[in-house]
Protein chains: 2
Amino acid sequence: MESSQGTKALILDVALDRFAEHGYSGTTLNEIADKVGIRRPSLLHHFPSKEALYRAVLLDAFADWFALVDEAVAGPQKRGWPQVERVLRAAFLFFEEHPEFVRLARWEALEGGPMLSAELGTMLQPLFERGTEFLEREMDAGRLRRYDARQLLLTGYGAVLSYLSDAPLITSLLGADPLGPAMLAKRRDHVVDVLRNALEP
Amino acid sequence: MESSQGTKALILDVALDRFAEHGYSGTTLNEIADKVGIRRPSLLHHFPSKEALYRAVLLDAFADWFALVDEAVAGPQKRGWPQVERVLRAAFLFFEEHPEFVRLARWEALEGGPMLSAELGTMLQPLFERGTEFLEREMDAGRLRRYDARQLLLTGYGAVLSYLSDAPLITSLLGADPLGPAMLAKRRDHVVDVLRNALEP
DNA sequence: GGTAGCCTACCTACCAGTAGGTAGAGAGCG
DNA sequence: CGCTCTCTACCTACTGGTAGGTAGGCTACC
């Protein structure tokens, strides 16, 4: 019971870390089991298969993300750019604090594994639609410059997540740790800045 | 000789396709050999190891990319936004025509394999620096709105490449093929649009 | 209270399958 | 002939997953 819960949670923790680091096919169960401190069969006692473990990790991670979005949207509703900035900053902060989530999502987006097309797609779609509708409403009201709302969401997605997921590459380009506090703050302000100038009417 | 050259080129071709599709660890030599139409040992006659093959593929792909950049920059130099748009559109077109390159680069950026930090990093850095210098010059001259030039380059990188590399995810969000001609044109114009509004003084 | 039965968590030993890579022989050709 | 290319046959290492067993805690019944 107690040790079970602890172990299971620990496995999920370690697995998130490894899958985020090396992707699904780049991670082995032995690797995870070793880090947890048990043998592979013991790991498979808690999760019936590698894929089941991966699913659990993915669903867990996205549950956190959905929770954040709900919370961010539930807050004091503003209009036009201020609301966009509010959500943008909340998302950025979440990603900063969950770098494993970002990389996990990126792997998933690249691989387009079975999880994605099936469950994740249908989980993300409503979110995407909600964002689209908000942007279109604000554009119609003239509070934001007009763009294709879906394209705009994808632009934000790319601008924010690429930086955080591609840290290895960006490190070698910038010659500095892109995930350090100073650089993160710089990045956050930059993206906000660019989008504000592009969006404010 | 002839068949050797042909086979070697064919191997590189197929390997690019597979590595772009499933990444390094998700691709097997058998998979490549099968598609080429030879046995794995025959493949290993042309490239001493999987890693060597991967290196060759990566270097080949980036050689194409560097060639394009040189060409794009060599053209009739303009100033301010028009030059940015020119290069941006050239890059976008190149990526559209080389979707395998985009995904390969993305995978590399994520994995941050040994290739990246060592060779690719040092290959991309001068390019990055050149872009930075151009942007800073134009900003100093007041022909572009002021931003952190490096951050701006990374934003462009993310906005363009995410869309093209994450096609599987975006398909399920958009409910349409993001790599179809119509969608590509839409994306191209959107990114140009956003950046113009953000950059023109 | 002791003890029999069951359950959870973990182990070692093993399975079949597949990964990348090697050895060596045969074919075709200059 | 020698050289290049390809093959079959093989190797070792390791993959995800299974079989079977053990230690220890909880519950129930005498």
Side-chain angles (χ1 to χ4, degrees), chain A residues 1-60 104 107-108 110-111 113-116 118, chain B residues 1-60 104 107-108 110-111 113-116 118:
Chain A
M1 301 274 144
E2 178 203 35
S3 108
S4 164
Q5 277 296 343
T7 303
K8 199 158 184 172
L10 185 56
I11 291 173
L12 282 169
D13 224 55
V14 171
L16 169 60
D17 184 72
R18 302 327 287 160
F19 284 135
E21 191 75 17
H22 299 124
Y24 181 79
S25 54
T27 303
T28 72
L29 292 184
N30 272 323
E31 196 182 336
I32 298 171
D34 281 359
K35 271 222 166 191
V36 172
I38 59 177
R39 303 292 128 223
R40 179 168 26 88
S42 311
L43 190 158
L44 287 166
H45 167 74
H46 296 276
F47 298 90
S49 70
K50 182 184 182 181
E51 209 194 298
L53 172 57
Y54 181 68
R55 276 172 111 79
V57 166
L58 215 57
L59 290 177
D60 247 41
L104 195 69
W107 281 110
E108 229 350 76
L110 249 183
E111 279 247 283
M115 261 313 270
L116 181 95
Chain B
M1 340 216 131
E2 178 204 34
S3 105
S4 163
Q5 277 297 344
T7 302
K8 198 158 183 171
L10 185 58
I11 291 173
L12 282 170
D13 225 54
V14 171
L16 169 60
D17 184 71
R18 302 327 288 159
F19 283 135
E21 190 75 16
H22 299 124
Y24 182 80
S25 55
T27 303
T28 72
L29 292 184
N30 272 323
E31 196 182 337
I32 298 171
D34 281 358
K35 273 221 165 194
V36 171
I38 58 178
R39 304 290 132 225
R40 180 166 28 89
S42 311
L43 190 158
L44 286 166
H45 168 74
H46 296 278
F47 298 90
S49 71
K50 182 184 182 181
E51 209 194 297
L53 172 58
Y54 181 68
R55 275 173 110 81
V57 166
L58 215 57
L59 289 177
D60 247 42
L104 194 69
W107 237 298
E108 231 346 78
L110 249 183
E111 279 246 281
M115 260 311 272
L116 181 94

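Labels below follow one simple rule: chain letters A, B, ... track the order of the sequence lines, proteins then strands, and each chain is numbered from 1.
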In whole Å, I'd like the distance from the [atom1] atom of [X] to the [atom2] atom of [N].
{"X": "A/L43", "N": "D/dT15", "atom1": "CG", "atom2": "C1'", "value": "14 Å"}
{"X": "B/H45", "N": "C/dA25", "atom1": "NE2", "atom2": "P", "value": "17 Å"}
{"X": "B/K8", "N": "D/dT4", "atom1": "NZ", "atom2": "P", "value": "12 Å"}
{"X": "B/I11", "N": "D/dT6", "atom1": "CD1", "atom2": "C1'", "value": "11 Å"}

Roughly how far apart are B/H22 NE2 and B/D17 CG, rounded to 0.5 Å?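 If I round to the nearest 0.5 Å, the distance is 9.0 Å.
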Going from CD1 on B/I11 to CG on B/L43, what distance comes out if it is rounded to the nearest 0.5 angstrom?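 Those atoms lie 4.0 Å apart.
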Is there a side-chain polar atom (N or O) of B/N30 under 4.0 Å from OP1 or OP2 of C/dT18?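 Indeed not, no polar side-chain atom of B/N30 lies that close.
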Could I get the full list of salt bridge (charged side-chain N to carboxylate O under 4.0 Å, His left out) partners for A/D13, not counting sequence neighbours?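 Listed in chain order: nothing, the list is empty.
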Does A/E51 pair with A/R55 as a salt bridge, N-O distance under 4.0 Å?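 Yes, this pair counts.
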Non-hydrogen side-chain atoms of A/L16 and A/D60 separated by less than 4.5 Å: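 Result no, sub-4.5 Å side-chain heavy-atom pair not found.
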Is any side-chain heavy atom of B/E21 closer than 4.5 Å to one of B/W107?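 The answer is no; the side chains never approach within 4.5 Å.
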Heteroatom pairs (N/O) under 3.5 angstrom, protein to nucleotides 17-21 of chain D:
{"unit_1": "D/dG17", "atom_1": "OP2", "unit_2": "A/K50", "atom_2": "N", "d": "2.8"}
{"unit_1": "D/dG17", "atom_1": "N7", "unit_2": "A/R40", "atom_2": "NH1", "d": "2.3"}
{"unit_1": "D/dG17", "atom_1": "O6", "unit_2": "A/R40", "atom_2": "NH1", "d": "2.6"}
{"unit_1": "D/dG17", "atom_1": "O6", "unit_2": "A/R40", "atom_2": "NH2", "d": "3.2"}

Would you verify whether the NZ or CZ of A/K50 falls within 45 degrees of the ring axis of A/F19 while also being under 6.0 Å from that six-membered ring's centre?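 So A/K50 doesn't make the cation-pi contact.
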Residues within residues 15-28 of chain A bordering DNA chain D, heavy-atom distance below 4.0 Å: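 A/T27, A/T28, in order of number.
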Write down the atom of B/R39, the atom of B/A33, and the distance for their closest heavy-atom approach.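 What the structure gives for the nearest pair is C-CB, 3.8 Å.
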